[in-house]
Every structure is written in structure tokens, then in C-alpha cells.
Amino acid sequence: MASRRTHRMLVSAVAGGLFALGVVAPGPAAAPLPRAARADGDVAPVPREPRPPLLPADFRGTGRYIVRDLGIDVPFIWQGRDGNSQMIAGGPEDPIWFTNLIYENTLYTLTYKWPNIPLFPPRACSKIPGFFNRQIFNDKLKTSRFVGPEILQGEKDRHVDHWRVGVVGGSTVPGEFFRFPIALGDIYVDQHDPSRWWQVLQFGLQNLFDPELDEWFTMDTFDHRPGVVTLPDRCPPPTS
């Protein structure tokens with residue numbers, strides 16, 4: 001999630017924007033589907049939309065961060081504690097290395113390494129102006145559109161719900177009015193627990209370091225134990 005001179009956000013998130021995340025237990029088992037009477041007296045389940053994605057307060061996950069057009073596939077860590085959260089993609093020996101945080105009501109991004117970005121002088125930590133926290137992120141996730149149930153195939157097939165959330169600039173009135181996409185995220189969460197994230201694809205202006213403006217990460221592990229969130233020394237103090 002990179003930006004040119006400005007900022008890189010997570011969903012995302014996530015959000016794209018970004019991320020964030022006591023132990024938040026998996027959501028309660030889904031209630032039985034309501035049933036509708038048929039003409040012959042039988043009843044049939046009435047489909048209903050599942051719960052939207054939710055970023056938990058405490059969690060830890062590992063996976064891979066991938067930028068296909070650059071051939072980049074590096075380790076990815078995403079952790080949350082007490083509502084703060086941190087993503088770390090890559091490391092000193094990888095072609096890219098950055099971290100994004102939601103920390104004490106503030107959104108941060110710090111790029112250590114990226115192709116064609118000089119290492120020296122080191123890039124400053126960007127503190128995104130304004131108030132931002134996990135609650136704001138989750139409120140945005142509530143506007144996600146349900147795409148449908150899917151199966152992510154891999155070493156272990158995962159049954160997920162696919163959601164799409166976007167940020168669009170311009171008119172919000174239907175019809176022939178000027179508008180333009182700013183960010184788009186496809187989020188894949190566990191069908192039984194929407195606070196367990198398995199994959200995210202992001203596209204938009206937050207990825208300006210990448211020519212194709214996209215990135216995605218896929219998780220190998222994700223559980224609801226408090227993680228470790230550390231604000232880098234070069235980052236300015238959080239919003240008061």
C-alpha cells in the first residue's frame with residue numbers, strides 16, 4: 001500500500017485503507033435461516049446476506065504480500081492489540097519493506113524499501129492528517145457490498161464470503177454526473193466468522209508506487225490472540 005509523497009493506507013484494511021485490529025472471540029454461530037412456507041405446505045430457507053467484514057481489536061496473522069506486475073511476493077505480518085494494528089510487508093533483505101499502522105487514533109505509513117525509490121535519505125514516516133481508528137474503519141466496512149460465497153483454493157481450501165468496498169470521488173447522485181474511483185477493495189472473510197480475514201485485493205490511488213495501482217495479501221494464519229504493535233521511532237507522535 002504505497003503512496004507518492006502522500007500516504008499509503010490500509011483497508012484494508014483496507015482499506016483499504018488499512019488495518020487495525022481482550023481477545024475477540026469468533027462471532028456466534030449463525031442463527032437458523034428464516035423459512036418461508038411453500039404452496040404445498042413445506043418450508044424452504046430464505047437466503048439472507050451474511051455479516052460484513054469486521055476488523056477485530058486483537059489478532060495476529062501471517063501470510064504473503066504480493067504485487068504481481070512487479071513479481072513481488074514477500075512475507076506479510078498483520079497484528080492488532082487493543083484496537084491498534086500494524087501491517088508489515090517484507091523486510092531488510094526483500095525488494096520491498098514497509099509498515100502501515102492504525103495507532104492511537106492516527107494512521108501511519110512508512111516505506112523503507114520499494115523499487116526505484118532511493119534508500120537515502122531515508123523516507124519520512126507519513127502521518128495521515130485527521131482522526132482515524134478501528135471504529136471508523138469498521139463503519140466503512142459496513143457499507144461493503146456482498147459479492148457471494150467462494151472457495152479460496154490452496155494448500156487448504158477456505159470457504160469465504162467475498163465483499164467489495166470502494167471510495168468514489170464526485171457526485172453521489174445516481175445518473176450522468178462526474179465521479180471517479182479513488183480506492184477499491186475485495187475482502188474475503190471466513191463464512192462463519194467475518195472477523196477472520198483470509199485475503200484482500202486493493203486497487204487505487206493509495207498504491208501509486210506500483211504502476212498497476214494494485215496489491216493483494218493472502219493470509220496463511222489468522223487467530224484472535226493479541227498481537228504486537230510498535231510505532232517506529234521515526235514516526236511523529238499520534239493525534240492527541
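Start at 1 with the first residue, then count along the sequence.
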Please say yes or no: joined through hydrophobic side-chain contacts below 4.5 Å, possibly via intermediate residues, are [X] and [Y] part of one cluster?
X: I117; Y: V67; value: yes
X: V189; Y: F146; value: yes
X: F209; Y: I96; value: yes
X: F222; Y: W163; value: yes
X: L208; Y: V168; value: no

Salt bridge (charged side-chain N to carboxylate O under 4.0 Å, His left out) contacts in which one or both residues fall within [range], not counting sequence neighbours:
range: residues 85-97; answer: none
range: residues 61-73; answer: R64-D73
range: residues 162-174; answer: R164-D186
range: residues 141-157; answer: D139-K142

Would you sort out whether I72 and D210 count as a side-chain contact (heavy atoms from CB on, under 4.5 Å), showing the intermediate values? CA-CA 11 Å; I72 287 174; D210 174 46; over 6 Å; no
Using 0.5 Å steps for rounding, measure from the [atom1] atom of [X] to the [atom2] atom of [Y].
X: L54; Y: F137; atom1: CG; atom2: CZ; value: 10.0 Å
X: L213; Y: L205; atom1: CG; atom2: CG; value: 7.0 Å
X: Y188; Y: R158; atom1: OH; atom2: CZ; value: 15.0 Å
X: D190; Y: W197; atom1: CG; atom2: CH2; value: 13.0 Å
X: I77; Y: M219; atom1: CD1; atom2: CE; value: 9.0 Å
X: L141; Y: I187; atom1: CG; atom2: CD1; value: 5.0 Å

Listed partners of F180 passing side chain to side chain contact (heavy atoms under 4.5 Å, CB included), at least two apart: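 Scan of F180 (side chain to side chain contact (heavy atoms under 4.5 Å, CB included), adjacent residues dropped) gives F178, I182.
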If every non-hydrogen atom of [X] is compared with every non-hydrogen atom of [Y], which pair is closest and at what distance?
X: D220; Y: G63; result: OD2-CA, 3.6 Å
X: P237; Y: K127; result: O-NZ, 2.8 Å
X: A89; Y: V74; result: C-CG2, 4.3 Å
X: M87; Y: T99; result: O-OG1, 2.9 Å
X: P92; Y: K113; result: O-NZ, 3.0 Å
X: T62; Y: T221; result: OG1-OG1, 2.7 Å

By salt bridge (Lys or Arg N to Asp or Glu O under 4.0 Å) - contacts of D214 (at least two apart):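 With neighbours one apart ignored, the set is empty.
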Do the side chains of [Y] and [X] get nearer than 4.5 Å, heavy atoms only?
X: R196; Y: D223; value: yes
X: E104; Y: L231; value: no
X: H192; Y: H159; value: no
X: Q191; Y: P50; value: no

Tell me every residue that passes ring pair (Phe, Tyr, Trp, His ring centres under 6.0 Å) with F203, counting only those two or more places apart in sequence or in another chain.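 Partners of F203 by the ring pair (Phe, Tyr, Trp, His ring centres under 6.0 Å) criterion come out as none, since no residue qualifies.
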Partners meeting ring pair (Phe, Tyr, Trp, His ring centres under 6.0 Å) with W97 (sequence neighbours left out): Y112
Evaluate side-chain contact (heavy atoms from CB on, under 4.5 Å) for V160 paired with Q199, printing each intermediate quantity in order. CA-CA 9 Å; V160 298; Q199 186 167 289; over 6 Å; no
Indicate yes or no for a side-chain donor-acceptor contact from [X] to the backbone of [Y] under 3.5 Å, with no hydrogens or angles considered.
X: Q79; Y: V228; result: yes
X: K140; Y: Q135; result: no
X: N133; Y: N105; result: no
X: R234; Y: R123; result: yes

Please go through L201's hydrophobic cluster and name the other residues, only I, L, V, M, F, W, Y counting, with side-chain heavy atoms under 4.5 Å joining them. I66, W216
Linking Ile, Leu, Val, Met, Phe, Trp and Tyr by side-chain heavy atoms under 4.5 Å, what else ends up with F120? L119
Trace of the side-chain contact (heavy atoms from CB on, under 4.5 Å) decision for N84 with L101: CA-CA 7 Å; N84 295 327; L101 301 97; over 6 Å; no
If the plane angle is over 60° it's perpendicular, under 30° parallel, otherwise tilted; pick one for Y65 and W114.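 Correct class here is perpendicular.
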Can D82 and D58 be said to form a side-chain contact (heavy atoms from CB on, under 4.5 Å), step by step? CA-CA 6 Å; D82 296 331; D58 297 325; 4.0 Å; yes
Got a sec, which pairs hit disulfide (SG to SG under 2.5 Å) with one end in residues 51-151, sequence neighbours left out? C125-C235
Can you pull out every disulfide (SG to SG under 2.5 Å) where at least one residue sits in residues 132-171? Sequence neighbours excluded, please.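 Of all non-adjacent pairs touching residues 132-171, none passes disulfide (SG to SG under 2.5 Å).
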Can you see whether T230 engages Q86 through a side-chain donor-acceptor pair at a distance of less than 3.5 angstrom? no
